[in-house]
Amino acid sequence: MSNRNELPLALTHEIRDACLCLHAQRAARTLARRYDEALRPAGLTNGQFSLLMSLHRKEAASMGSVAALLAMDRTTLTANLKPLVRRGLVKMAVNAADRRGRVLTLTAAGRRLLAAALPLWRRAQAASERLIGDSGADRLRAGLLALS
């Protein structure tokens, strides 16, 4: 007797083999673990490194611009900023142009930590690119940019 609500096993295999979202998530988790391990000696996660690097600019950054750059909502950004602010790596201040908003700046300690972490990131980056080859890395970046 056949149940019309059952899904064929072949569908599971199709999704497993073809789903771009699944493959991107798996790759992202694996890469995140590799970069986390590489950045551990600096006391940073890959997300913290990216957040600090996004603040390495000439002028203070608005919460909205950083959230957009990192593709995260403001609530998540705020939660990720808290430990960095507590560690004295990031300064959060009221936006003088719009007192409802906040601006973010990298502190001197944050810049020093980024400088110390950069060689660790470069090694992780080179190892990741070696796995897929230089042209593969360029194609992957282009494809990911197209999807984002």
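Counting from 1, the numbers follow the sequence of the chain as shown.
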More than 12 heavy atoms of other residues, nucleotides or ligands under 6.0 Å from [atom1] of [X]: is that the case?
{"X": "His56", "atom1": "NE2", "answer": "no"}
{"X": "Arg16", "atom1": "CZ", "answer": "yes"}
{"X": "Arg141", "atom1": "CZ", "answer": "yes"}

Looking only at heavy atoms, which two atoms of [X] and [Y] are closest? And how far apart?
{"X": "Ile132", "Y": "Ala137", "value": "CD1-CA, 3.6 Å"}
{"X": "Val66", "Y": "Ser54", "value": "CG1-OG, 3.6 Å"}
{"X": "Asn80", "Y": "Thr76", "value": "ND2-O, 2.7 Å"}
{"X": "Ser128", "Y": "Leu31", "value": "OG-CD2, 3.6 Å"}
{"X": "Arg87", "Y": "Gly43", "value": "NH1-O, 2.9 Å"}
{"X": "Thr105", "Y": "Ala60", "value": "CG2-CB, 3.3 Å"}

**Prompt:** So which pairs with a foot in residues 49-73 pass salt bridge (charged side-chain N to carboxylate O under 4.0 Å, His left out), sequence neighbours left out?
**Reply:**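 Matches after skipping sequence neighbours: none remain.
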**Prompt:** Can you list every salt bridge (charged side-chain N to carboxylate O under 4.0 Å, His left out) pair that touches residues 33-47, not counting sequence neighbours?
**Reply:**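 Listed by first then second residue: Glu37-Arg40.
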Roughly how far, to the nearest 0.5 Å, is [atom2] of [Y] from [atom1] of [X]?
{"X": "Leu11", "Y": "His13", "atom1": "CG", "atom2": "NE2", "answer": "10.0 Å"}
{"X": "Ser65", "Y": "Leu104", "atom1": "OG", "atom2": "CG", "answer": "7.5 Å"}
{"X": "Leu51", "Y": "Leu70", "atom1": "CG", "atom2": "CG", "answer": "6.0 Å"}
{"X": "Gln25", "Y": "Leu20", "atom1": "CD", "atom2": "CG", "answer": "11.0 Å"}
{"X": "Glu129", "Y": "Leu140", "atom1": "CD", "atom2": "CG", "answer": "9.5 Å"}
{"X": "Cys19", "Y": "Arg26", "atom1": "SG", "atom2": "CZ", "answer": "11.5 Å"}

Check the hydrophobic clustering (I, L, V, M, F, W, Y; side-chain heavy atoms under 4.5 Å; chains of links allowed) and say if [X] and [Y] are grouped together.
{"X": "Met72", "Y": "Met92", "value": "yes"}
{"X": "Tyr35", "Y": "Leu44", "value": "yes"}
{"X": "Met53", "Y": "Met63", "value": "yes"}
{"X": "Leu114", "Y": "Trp121", "value": "yes"}
{"X": "Leu118", "Y": "Leu39", "value": "yes"}

**Message:** For Gly88, is there any backbone N or O sitting under 3.5 Å from a side-chain donor or acceptor partner on Thr107?
**Reply:**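 At least one qualifying donor-acceptor pair exists.
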**Request:** Not counting sequence neighbours, which residues clear salt bridge (charged side-chain N to carboxylate O under 4.0 Å, His left out) with Asp17? List them please.
**Result:**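 By the salt bridge (charged side-chain N to carboxylate O under 4.0 Å, His left out) rule, Asp17 matches no residue at all.
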**Message:** Under the criterion side chain to side chain contact (heavy atoms under 4.5 Å, CB included), I'd like the reasoning laid out for Leu52 against Leu84: C-alpha separation, chi angles, the key distance, then a yes or no.
**Reply:** CA-CA 8 Å; Leu52 291 174; Leu84 300 175; 4.1 Å; yes
**Verdict with reasoning, Lys91 to Val85, per side chain to side chain contact (heavy atoms under 4.5 Å, CB included)** = CA-CA 6 Å; Lys91 180 183 175 195; Val85 170; over 6 Å; no
**Request:** Would you indicate whether the side-chain heavy atoms of Val94 and Arg102 approach each other to under 4.5 Å?
**Result:**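 Yes. Closest side-chain heavy atoms under 4.5 Å.
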